[in-house]
Q: 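Take a look at the following structure, please.
Because the structure is predicted, anything quoted here is derived from the model rather than measured. Just so we're on the same page: letters track the sequence lines, and every chain starts at 1. Because only heavy atoms are used, hydrogens play no part in the values below, and waters and symmetry mates are left out as well, while side chains stay in.
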There are 2 protein chains.
Amino acid sequence: MSAATARRPNPSRKEATHERIVETAARAIRRSGFGGAGVAEIMKEAGLTHGGFYSHFESREGMLAEAADRAGAAGMAGLAQVAAAAPPKQALEAMLRAYLSKEHVEGVETGCAIAALGSEMPRQAPKIRRAATRRSKEMIDLVARQSPDWGQPGAHERALVTVATALGALVLARAVDDRKLSNALREAALNHLIPTD
Amino acid sequence: MSAATARRPNPSRKEATHERIVETAARAIRRSGFGGAGVAEIMKEAGLTHGGFYSHFESREGMLAEAADRAGAAGMAGLAQVAAAAPPKQALEAMLRAYLSKEHVEGVETGCAIAALGSEMPRQAPKIRRAATRRSKEMIDLVARQSPDWGQPGAHERALVTVATALGALVLARAVDDRKLSNALREAALNHLIPTD
DNA sequence: GCGCTCATATGACGATCATCATACACACAT
DNA sequence: ATGTGTGTATGATGATCGTCATATGAGCGC
């Protein structure tokens, strides 16, 4: 428990619950999509009932926007952590290997939000799309910064292509019902994106 | 009530309606997703009421499977047509330019089904996933066949990467709320995928 | 300890959905 | 024309959903 901060009457009680709901929702939307994540189910999964929902969010859509942003942030943070844990020279390679790993293909619920929700984004509310855009730019910048040709002309364009390729390979590898094809997609994208020498 | 009468006064009447419903549904799922395409809405859009639906399909899911396959076939047919209309040497380039055109970014409803539904596929029924897998393979083969290095070792792998890059760029270009970024993604992917000389 | 306040629970409402039972209307053979 | 059968419409049912009004219970200041 928290007995530390005495600034506000009870700063953490409601906020902690709010946080837990958003965290749960961030996983739920990646698992079930925007439409498949019901209010009652999310609250139940967070250890609550559906009643108090509207004291935390003004609407279901508002919650979805928070959840989408959280999901995007979580995926980004995971990638950034992988990059930070690797030697600078191999940061990009480490990120790509993690992004195109079999574990990431199977772990939709905790993985990249753009891959899990990308094709649903065009019809989402402006708030959600803005979050997706911001997180996408972050991801592109992260890749660009770890690229060997950072700062050189065309580096940003190459980062765009790298992200597109990894995202497309992941989405396809998840979509198909054929293990061999799924693995072939991952391997082909990896061999193509990682400079072999 | 209905006995096994082998009498068909008009064999095409019902089939034509069935066809029209599937065609309508194929557009609806690309526009609204699998979950967002309701039975009543699809029937209404096909010029009917929701009542007769279950004389055409055994369930909503069965209809979705037909519609998904139809959507995949339509997207493929469009691409194949573009390829056929271009000089053989430029067939691949023509396909890529069409796939990554601004029109395709904006035309979700009549475009590539994998791009429109890709991130929803992992949680769909087996029938739907099988259709998606088959259509994906067709698309990869189509690209491989039009590639300049067709038959050479590694050509198939290169086709996998080409498809992944185009798909990822299209999904991202549609997802983001930023016109400039959307265009930059299309252009970057095109410049990278089309052999410039 | 007492009562006030806030976070959460209980329960209900209206809307929407897939599904099905039944009634109608049109086309064809006679 | 008339009746028969097939294709579609009308309407209902039960389930699920988002939303909200109200009740309950726990923690904090006095």
Side-chain angles (χ1 to χ4, degrees), chain A residues 1-25 28-29 31-68 123-125 127-128, chain B residues 1-25 28-29 31-68 123-125 127-128:
Chain A
M1 317 300 178
S2 65
T5 49
R7 292 183 179 180
R8 293 196 295 178
N10 198 341
S12 61
R13 175 84 176 273
K14 186 171 184 178
E15 267 179 40
T17 303
H18 186 100
E19 200 70 8
R20 190 156 34 96
I21 299 173
V22 172
E23 200 68 41
T24 304
I29 57 176
R31 181 188 350 116
S32 314
F34 284 112
V39 168
E41 181 189 333
I42 288 175
M43 291 295 278
K44 185 174 184 180
E45 199 177 341
L48 303 166
T49 62
H50 66 277
F53 181 82
Y54 288 87
S55 67
H56 287 284
F57 309 92
E58 87 237 20
S59 69
R60 177 175 176 272
E61 199 180 277
M63 183 263 298
L64 288 183
E66 277 193 51
R123 54 176 178 270
Q124 299 309 315
K127 254 185 214 170
I128 297 182
Chain B
M1 272 278 233
S2 62
T5 352
R7 199 143 176 286
R8 298 203 306 176
N10 199 342
S12 64
R13 172 89 175 274
K14 187 171 185 180
E15 267 178 41
T17 303
H18 186 101
E19 200 69 7
R20 188 155 38 96
I21 299 173
V22 172
E23 201 68 40
T24 304
I29 58 176
R31 181 188 351 118
S32 315
F34 284 111
V39 168
E41 183 189 333
I42 289 175
M43 292 294 277
K44 185 174 183 179
E45 200 176 339
L48 303 166
T49 62
H50 65 279
F53 181 82
Y54 288 88
S55 67
H56 287 283
F57 309 93
E58 86 236 21
S59 70
R60 176 174 178 273
E61 200 180 278
M63 182 265 297
L64 289 183
E66 278 192 51
R123 53 178 180 271
Q124 299 309 314
K127 253 185 216 170
I128 297 182

Q: So which pairs with a foot in residues 46-65 of chain B pass side-chain hydrogen bond (donor to acceptor under 3.5 Å, both in side chains), sequence neighbours left out?
A: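 As it turns out, there is no side-chain hydrogen bond (donor to acceptor under 3.5 Å, both in side chains) pair with a partner in residues 46-65 of chain B once direct neighbours are skipped.
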Q: Taking side chain to side chain contact (heavy atoms under 4.5 Å, CB included) as the definition, give me every residue that meets it alongside B/R31, ordered by chain and number, with sequence neighbours left out.
A: B/A28, B/E41, B/E45, B/E109
Q: Search all heavy atoms of A/G33 against all heavy atoms of B/R123 and return the closest pair with its distance.
A: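 What the structure gives for the nearest pair is CA-NH2, 3.3 Å.
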Q: Name every residue in residues 54-66 of chain A that has at least one heavy atom under 4.0 Å from any atom of DNA chain C, in order of residue number, or write none if there are no such residues.
A: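 Residues of residues 54-66 of chain A that come under 4.0 Å of DNA chain C are, in numerical order, A/S55, A/H56.
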Q: Rounded to whole angstrom units, what separation is found between the CD atom of B/E19 and the P atom of D/dG7?
A: 15 Å
Q: Mind checking the OG1-CE spacing from B/T17 to B/M43? Nearest 0.5 Å is all I need.
A: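 The CE atom of B/M43 is 8.5 Å from OG1 of B/T17, to the nearest 0.5 Å.
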Q: How long is the line joining CZ of A/F34 and P of D/dG18, in whole Å?
A: 14 Å
Q: Once you round to the nearest 0.5 Å, how far does CD of A/E23 lie from CD1 of A/I21?
A: 12.0 Å
Q: Ring pair (Phe, Tyr, Trp, His ring centres under 6.0 Å) with B/F57: which residues, sequence neighbours excluded?
A: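 For B/F57 the ring pair (Phe, Tyr, Trp, His ring centres under 6.0 Å) partners, ignoring immediate neighbours, are B/H18, B/F53.
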Q: Output the rounded distance in Å from CZ (A/F53) to P (D/dT22).
A: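 After rounding, the gap between these two atoms is 21 Å.
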Q: Please state how far atom NE2 in B/H18 lies from atom P in D/dT6, giving the value in whole angstrom units.
A: 18 Å
Q: Measure the distance from CG on A/L48 to P on C/dT8 and round it to the nearest whole Å.
A: 6 Å
Q: Can you tell me the distance, in whole Å, between the CD atom of B/E41 and the C1' atom of C/dA18?
A: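 Checked: the CD to C1' distance equals 14 Å.
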Q: Quantify the bending of the helix from C/dG1-D/dC30 to C/dT30-D/dA1 as the angle between its end axes, each fitted on five pairs, to 10°.
A: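 For the helix from C/dG1-D/dC30 to C/dT30-D/dA1, the axes at opposite ends meet at about 10°.
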Q: Give the minimum heavy-atom separation between B/T24 and B/A46, together with the two atoms involved.
A: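 Closest pair (atom of B/T24, atom of B/A46, distance): OG1-CB, 3.6 Å.
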Q: Would you kindly give the CD1-to-P distance between A/I42 and D/dT16, to the nearest whole Å?
A: 17 Å
Q: Let me spell it out: for each of B/G52 and A/V39, pick the nucleotide of DNA chain D with the closest heavy atom. Which residue's pick is nearer the 5' end?
A: B/G52
Q: What's the separation between atom CD in B/E19 and atom CD in B/E66, rounded to the nearest 0.5 Å?
A: 8.5 Å
Q: Using nucleotides 11-15 of chain D, report all nitrogen or oxygen pairs with the protein that are shorter than 3.5 Å.
A:
unit_1: D/dG11; atom_1: O6; unit_2: B/H50; atom_2: NE2; d: 2.8

Q: Testing the basics here: between A/K127 and A/A65, what is the closest heavy-atom pair and its distance to 0.1 Å?
A: CB-CB, 4.0 Å
Q: Taking OP1 and OP2 of C/dA7, is either one under 4.0 Å from a side-chain nitrogen or oxygen of A/T17?
A: no
Q: Can you give me the closest heavy-atom contact between B/A37 and B/I42, atom names plus distance?
A: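 So the minimum-distance heavy-atom pair works out to CB-CD1, 3.8 Å.
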Q: Compare every heavy atom of B/I128 with every heavy atom of B/A68, then report the nearest pair and how far apart it is.
A: CB-CG2, 4.1 Å
